[in-house]
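First listed ligand is number 1; within each ligand, the first listed atom is number 1.
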Amino acid sequence: MTDYIAPLRLGVNIDHVATLRNARGGALPDPVRAAKLAEEAGADGITAHLREDRRHIRDQDIADLMDALEKPLNFEMAATDEMQAIALQYKPHAVCIVPEKREERTTEGGLNVAGDDNRLAAYIDPLRAAGSRVSLFISHEPDQIRASARIGAAVVELHTGAYCDFHAEGRFAERDEELAKLRDGAALAHSLGLEVHAGHGLTYDCVTPIAQFPEVVELNIGHFLIGESVFRGLGPAIAEMRRIMDVARDGTAQ
Ligand code: PXP
């Protein structure tokens, strides 16, 4: 009997189209246009992170994306009252809660669910009641995974940043250790009834082993794809990622 492996969705994060726009001021390049193109090129959903400092995506982008998208929006946000109110206003398909520090360049670590479970449980309740799937961006630590299941999250997104960094730096023993922990984390999360996503730092070079975890059903990828689009165009950059993910999932050699 062949084991069923769920299809692997690709969520394209368009934050850095907004980064580029904001570098100049004005309206170009338009993140909504990028999102529409991503939909056409094979993205299964669009991810956008409205940060407290609005350094890339802005409030109006979220309104425009909600109007324009045909595929689901995964709205990334910190667990603040301001962001909860915005999520409740738009009721996106998914809300992914991430830790946020003003001084960081990107989301550096996972959410401390185990250390903040009472507050987070109360925080996510209205989001769930509004119909958004709540996803928590966490490390592969078993305590964080168990706490996420305990407080009633639908999804965990496992932070692949350290794995990708070790890969890029050629630190292969550490990369493989990290990969093993991610693999165990994905299996644990799945066994607890959580839907498992993964993301951060993924590139053509390092996506395959993550795409091969049978429990992972969605990857969220942004910075690399937007950078790669400078060279090959956004549609082809996404299509190539889609191809590599599909090959990985099929178990066919690349
Ligand atoms: N998933 C989450 C929860 C993130 O915060 C980010 C970065 O905003 C990503 C995925 C995408 O990471 P990257 O831009 O490195 O592909």
Subject >> atom 16 (O) of ligand 1 [closest protein heavy-atom partner, distance rounded to 0.1 Å] >> reply: G222 N, 2.8 Å
Original post:
Which residue holds the protein heavy atom closest to atom 7 (C) of ligand 1, what is that atom called, and what is the gap in Å?
Top reply: H200 CD2, 3.7 Å
**OP:** Give the contacting part of E157 toward ligand 1: side chain, backbone, both or neither, where contact means a heavy-atom distance below 4.0 Å.
**Re:** side chain
**OP:** State plainly whether the residues D246 and R243 are in salt-bridge range, i.e. N to O under 4.0 Å.
**Re:** no
Original post:
With the threshold set at 4.0 Å, does a side-chain nitrogen-carboxylate oxygen contact exist between R171 and D176?
Top reply: no
Original post:
atom 4 (C) of ligand 1: which protein heavy atom is closest, and how many Å away?
Top reply: E76 OE2, 3.2 Å
Original post:
For ligand 1, is there an N or O atom under 3.5 Å from any N or O atom of I221?
Top reply: no
**OP:** Heavy-atom contacts with V98 under 4.0 Å: which atoms of ligand 1 show up? List them by number with element.
**Re:** 3 (C)
Original post:
Can you tell me the protein heavy atom closest to atom 14 (O) of ligand 1 and the distance?
Top reply: H223 N, 2.8 Å
Quiz: residues 17-29 side-chain donor-acceptor pairs under 3.5 angstrom, not counting sequence neighbours:
unit_1	atom_1	unit_2	atom_2	d
T19	OG1	D15	O	3.3
T19	OG1	H16	ND1	2.9
R21	NH1	D61	OD1	2.8
R21	NH1	D61	OD2	3.3
R21	NH2	H56	O	3.3
R21	NH2	D61	OD2	2.8
N22	OD1	R58	NH2	3.1
N22	ND2	A18	O	3.4
N22	ND2	R55	O	3.0
N22	ND2	H56	O	2.9

Subject >> Test of proximity, G201 against ligand 1: N or O pairs below 3.5 Å >> reply: yes
Original post:
Charged N to carboxylate O below 4.0 Å: is that the case for E228 and R232?
Top reply: yes
Tabulate below the donor-acceptor pairs under 3.5 Å that side-chain atoms of residues 146-157 make, not counting sequence neighbours, or state none.
unit_1	atom_1	unit_2	atom_2	d
S148	OG	Q144	O	2.7
R150	NH2	D117	OD2	3.0
E157	OE1	N220	ND2	3.0

Subject >> Shortest protein heavy-atom distance from atom 11 (C) of ligand 1, along with the residue and atom involved >> reply: N220 O, 3.8 Å
Original post:
Are any of the side-chain nitrogens in R133 or E195 under 4.0 Å away from the carboxylate oxygens of its partner?
Top reply: yes
Subject >> Ion pair R119/D116, N-O distance below 4.0 Å >> reply: yes
Original post:
What atoms of ligand 1 come within less than 4.0 Å of a heavy atom belonging to N13?
Top reply: 8 (O)
